[in-house]
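Below: the structure, in structure tokens.
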There are 2 protein chains.
Amino acid sequence: MDIIISNSSGEPIYNQISSQIKTMILDGRLKEGDALPSMRSLAQQLRISVITTKRAYEELERDGFIESYTGKGSFVKAQNTELFREEQLRLIEEMLSNVCDKAKLCGIELDELREILEIVYGGQ
Amino acid sequence: MDIIISNSSGEPIYNQISSQIKTMILDGRLKEGDALPSMRSLAQQLRISVITTKRAYEELERDGFIESYTGKGSFVKAQNTELFREEQLRLIEEMLSNVCDKAKLCGIELDELREILEIVYGGQ
DNA sequence: TAAATTGTATATATCTTATATACACATTAT
DNA sequence: ATAATGTGTATATAAGATATATACAATTTA
């Protein structure tokens, strides 16, 4: 499992893990029923504590992405992608609203924002 | 001084204060040389500790927005608005990049993002 | 059924946020 | 001049979030 964590980013490690796994589930790299690495093996691989991987998995379980069974392991659940899309849209709207606030504050026009958006969306 | 703080937002109080004062400086409500409310009076008004207002003012001082003098008070400095604009542009680009990552993850097209951007920029 | 592997729970350490209190400097009223 | 008040500053402390070590419980496997 390719997970990369940064200690300097300021984002909690358990969040980095759960969001990367979320991404893998949503883009199809992980499918319904697939087994996740055990909390211990992932912790060992990332050189962090089991408690931290557990917290990441708890977050994924709370959000309906996986299920864990004592003694067996953790597995990807069936996804409601449409519901997730709606949730993401709400988040994106909020983020764009923050961008607009920042922009207006120093006189950045809508056109300029549109340009930046197109550039960062297009490339990568 | 009209400053509104929220205890439930999750954003640190000192950040809420400093960012609102930054806004006032940048949109012209506060001008070079203007005196800020004393740390004590602002703390009293917001029913928070002096240490918290001090931390907000320290942040503003570190970012070059104000200067504080023991016994006298805190005052707005001359602004380099062009430099600030450049910094904000970098931040905005980063935020838009995050938006695009989120969008691609659940199949949201550039057109849809553009629409949302226009809506949240236009109204308010 | 014993050993190994899995998830879980408890107690602890460190950092960030927010605070109370006491201190140092400048202005103002006497 | 100087005492009183108002200003910013420094130290010690409390509460919450993040990450950990260690021991416990359930399942699988040899």
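Numbered from 1 within each chain, the chains take letters A, B, ... in sequence-line order.
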In whole Å, I'd like the distance from the [atom1] atom of [X] to the [atom2] atom of [N].
X	N	atom1	atom2	answer
B/Glu67	D/dT9	CD	C1'	16 Å
A/Lys54	D/dA26	NZ	C1'	13 Å
B/Ile13	C/dT17	CD1	P	11 Å
A/Ile51	D/dT18	CD1	P	15 Å
B/Glu58	D/dT7	CD	C1'	15 Å
B/Phe75	D/dG6	CZ	P	16 Å
B/Gln44	D/dG6	CD	P	10 Å
B/Asn7	D/dG16	CG	P	13 Å

What about B/Arg40: does its side chain form a donor-acceptor pair under 3.5 Å with the base of D/dG8? yes
Whether [X] contacts [N] is assessed here as follows: a side-chain N or O lying under 4.0 Å from the phosphate OP1 or OP2. Is that the case?
X	N	value
B/Thr52	C/dT19	yes
B/Tyr57	D/dG8	no
A/Tyr69	D/dA26	no

Does a salt bridge link A/Lys102 with B/Glu93, judged by any charged N lying under 4.0 Å from a carboxylate O? no
In terms of side-chain geometry, is the basic nitrogen of B/Glu58 or B/Lys54 positioned less than 4.0 Å from the acidic oxygen of its partner?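 Yes, this pair counts.
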Position toward the 5' end of DNA chain C (nearest nucleotide), B/Val50 or B/Arg55: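 The answer here is B/Arg55.
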Can you work out whether B/Gly71 or A/Arg47 has the more 5'-proximal nearest nucleotide on DNA chain D? B/Gly71
Of A/Ser49 and A/Thr70, the one whose closest nucleotide on DNA chain D sits nearer the 5' end is A/Ser49
So, the side chain of B/Ser18 versus the backbone of B/Tyr14: is there a donor-acceptor pair under 3.5 Å, distance only?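 Here the side-chain-to-backbone pair exists.
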How is A/Ser41 classified with respect to the nucleic acid when contacts are heavy atoms under 4.0 Å: base, sugar-phosphate, or nothing?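 Nothing, no heavy atom under 4.0 Å.
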Nucleotide nearest A/Ser74 (side chain, heavy atoms from C-beta), chosen from D/dT20, C/dG7, C/dT21: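 Between D/dT20, C/dG7, C/dT21, the one nearest the side chain of A/Ser74 would be C/dG7.
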Here's one to test your reading of the geometry: is the NZ or CZ of A/Lys104 within 45 degrees of the ring axis of B/Tyr121 and under 6.0 Å from its centre? yes
Using a 6.0 Å cut-off, check whether atom CD1 of A/Ile4 has over 12 heavy atoms from anything other than its own residue. no
